[in-house]
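See structure below.
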Amino acid sequence: MLHDRQRIRDRAEEAIFGSAESQLMLPKYRIPQNASRGEAILEMLRDELFLDGNARQNLATFCQTYADEEVRELMDLCIDKNMIDKDEYPQTAEIESRCVHMLADLWNAPLAGNPVGTSTVGSSEACMLGGLAMYFRWKHARRQAGKPTHRPNLVTGPVQVCWEKFARYWDIELRQVPMDPGRLAITPEAMLPYLDENTIGVVATLGLTFTGAYEPVEDLCRALDQVQQEKGWDLSIHVDGASGGFVAPFCAPDLAWDFRNPRVKSISASGHKFGLSPLGCGFVLWRDKADLPEELTFHVNYLGGDMAVFQLNFSRPAGPVICQYYQLLRLGRAGYRQIHMNCYKTAQYLAREIERSGPFRLLYRGDPQAGIPALTWTLEAGAEVPFNLYDFADRLRNRGWQVPAYSLPANDQDTVVQRILVRQGFGLNMARLFIEDFRRTVDYFARHGVGENLTQQEAGGFHH
Ligand SMILES: *Cc1c(COP(=O)(O)O)cnc(C)c1O
């Protein structure tokens, strides 16, 4: 009898929610002394992660939130592979090199057969490397001319935060050409007054963080040709194609934003954005070997192999790069185009419907020639509505939709916008469900106004 009761208790213990672990409040500050049952801890963590919200309804992120079964299988297969161990995993290194070759071809590098580039953990690392190469090239040229090198500056439009990091970490003055009402990107005319002999180069963004629009790379190149003629400064461009680098070649092949321009010396992109690989994948490529200064390359003798490395990080998962190769093969150019074009269709549908739903003015509406599949809107000036976009974002979240509101950078800081990134997996059906909730939200505010307890600014931190 006693024996039976013990057995029943043991059985109950086998069930996760009968276990002692399931009754625990998970420790937050100290590693527990003893081990626990893996399944039970897994379940508790899974449950805790529900609070993060649903990534597929995160319409703010540029990054992939959908993965097919094959991607999951490859990620699982590669869980033990370190990207940096080229000597131990030569086939993984070979696959990385194939990706770099394919991108050199995709971005029209003049030496596509012998490309100079690498995978990285994402665009931030890739931009950092592109920026460093630019900085070192400038230093060399200045030294050769017998001129000082202590006051470098970098000229950009409204950039992603990684460029602010780059400038601060390497003590370079960041000259972000401010926006103006009606001009939300850099233009040649706006750029010119910021250039001088200490400018290490210009960054153009293909898919601006704030709106999704492309900056005019070709126009900037032409303006810099003029500058060289007039002042003798030979300024190069790094294209931050974090998202556009994997969109424009498929959806706007005639847009010459890439190495077709001799002034474009380096390009970076995130594989984990519109490259459709899972998180942890970016690339940076240079036009020519001469554009990547030798000092940035390290030759490491690592477990019997001579390896040239030019990354900031050492160990890094190989899975995302292998999945990048899988996607390039699996989809081909036509597949990428199809997926991204579907996203544009969704973006355009959303733009139309949002415009119809109230006093919303679209600043960007998902045009393949002008930007990535995204849309950005603001409230009409003087709109008589009982809410602002921070309230609106907050209320949309009630149904799980994450569409943060944020203010634009200088000199448009009074403009508050909301932006949606349309990624694979956000099709017309999901978009229609979103629009229904959008209309409900407009109606809700029309009926109830903004409650006392809704705060404004605090509700919407900006998400890069
Ligand atoms: C996302 C993004 C970055 C940073 O890329 P990560 O891959 O997240 O490191 C840099 N620049 C632009 C324009 C971006 O959109």
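Whatever order the structure lists ligands and atoms in, that order sets their numbers, starting from 1.
- For ligand 1, the polar-atom distance check against Trp163 finds no nitrogen or oxygen pair separated by under 3.5 Å.
- Considering backbone and side-chain atoms alike, Ser270 places an N or O below 3.5 Å from some N or O of ligand 1.
- In summary, the atoms of ligand 1 found under 4.0 Å from a heavy atom of Thr205, numbered by their order in the structure, are 13 (C).
- For ligand 1, the atoms closer than 4.0 angstrom to any heavy atom of Cys162 are 10 (C).
- The shortest N or O to N or O distance between Ser243 and ligand 1 is not below 3.5 Å.
- For Glu125, no heavy-atom contact with ligand 1 is shorter than 4.0 Å.
- Nearest heavy-atom pair across Ala93 and Lys86 is CB-CD, 3.8 Å.
- Side chains of Gln324 and Glu96: no donor on one and acceptor on the other come within 3.5 Å.
- Among Arg439, Arg432, Arg365, the one residue that satisfies the salt bridge (charged side-chain N to carboxylate O under 4.0 Å, His left out) test with Glu353 is Arg439.
- For Arg333, the salt bridge (charged side-chain N to carboxylate O under 4.0 Å, His left out) criterion is met by Asp105, not counting sequence neighbours.
- Contact between Thr118 and Gln311 at its shortest, heavy atoms only, is OG1-NE2, 2.8 Å.
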